[in-house]
Amino acid sequence: RVVIEADIGFQSDDNFYTGFSEDMSAGGIFVSTFDFRPIGSQLAINFSLPDGHLVSALGVVRWLREYFGDDPDDMGMEIAL
């Protein structure tokens, strides 16, 4: 995993959503968000790297982490890119 702080835009066929990421790995990116999409959903992902490079990719929701503690930023979904 690589620590990366980035605002994430993602969209399905019908809607546009936003979230925040704090880390990325070869397997995907964890997006902290209240706007869960169902596991298996395909999404278009857009974010900027710290150097300003814009990344656009297609991803699939692999797992969800629902709210379980004091920090709502802990909830979100892992998106495989």
Quick one: do [X] and [Y] end up in the same hydrophobic cluster if we chain Ile, Leu, Val, Met, Phe, Trp and Tyr together by side-chain heavy atoms under 4.5 Å apart?
X	Y	result
V61	V55	yes
I45	V60	no
M24	L58	no

Mind checking the [atom1]-[atom2] spacing from [X] to [Y]? Nearest 0.5 Å is all I need.
X	Y	atom1	atom2	value
R62	I29	CZ	CD1	15.0 Å
R65	F30	CZ	CZ	4.0 Å
H53	S48	NE2	OG	9.0 Å

Could you check whether any side-chain N or O of S21 sits under 3.5 Å from a backbone N or O of A6, counting only pairs where one atom can act as donor and the other as acceptor?
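Side chain of S21 to backbone of A6: no pair is present.
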
Kindly indicate whether the side chain of I39, heavy atoms from C-beta on, has any atom under 4.5 Å from the side chain of L64.
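Yes - at least one pair of side-chain heavy atoms lies under 4.5 Å apart.
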
Side chain proximity check, L43 to M77, heavy atoms < 4.5 angstrom:
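Answer yes - side chains close enough.
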
Worked check of side chain to side chain contact (heavy atoms under 4.5 Å, CB included) between F47 and L54:
CA-CA 6 Å; F47 59 95; L54 178 63; over 6 Å; no

On a heavy-atom basis, which atom in G28 and which in E78 lie closest, and how many Å separate them?
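Reported closest heavy-atom pair: C-OE2, 3.5 Å.
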
Testing the basics here: between I79 and G59, what is the closest heavy-atom pair and its distance to 0.1 Å?
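Nearest heavy atoms, I79 then G59: CG2-CA, 3.8 Å.
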
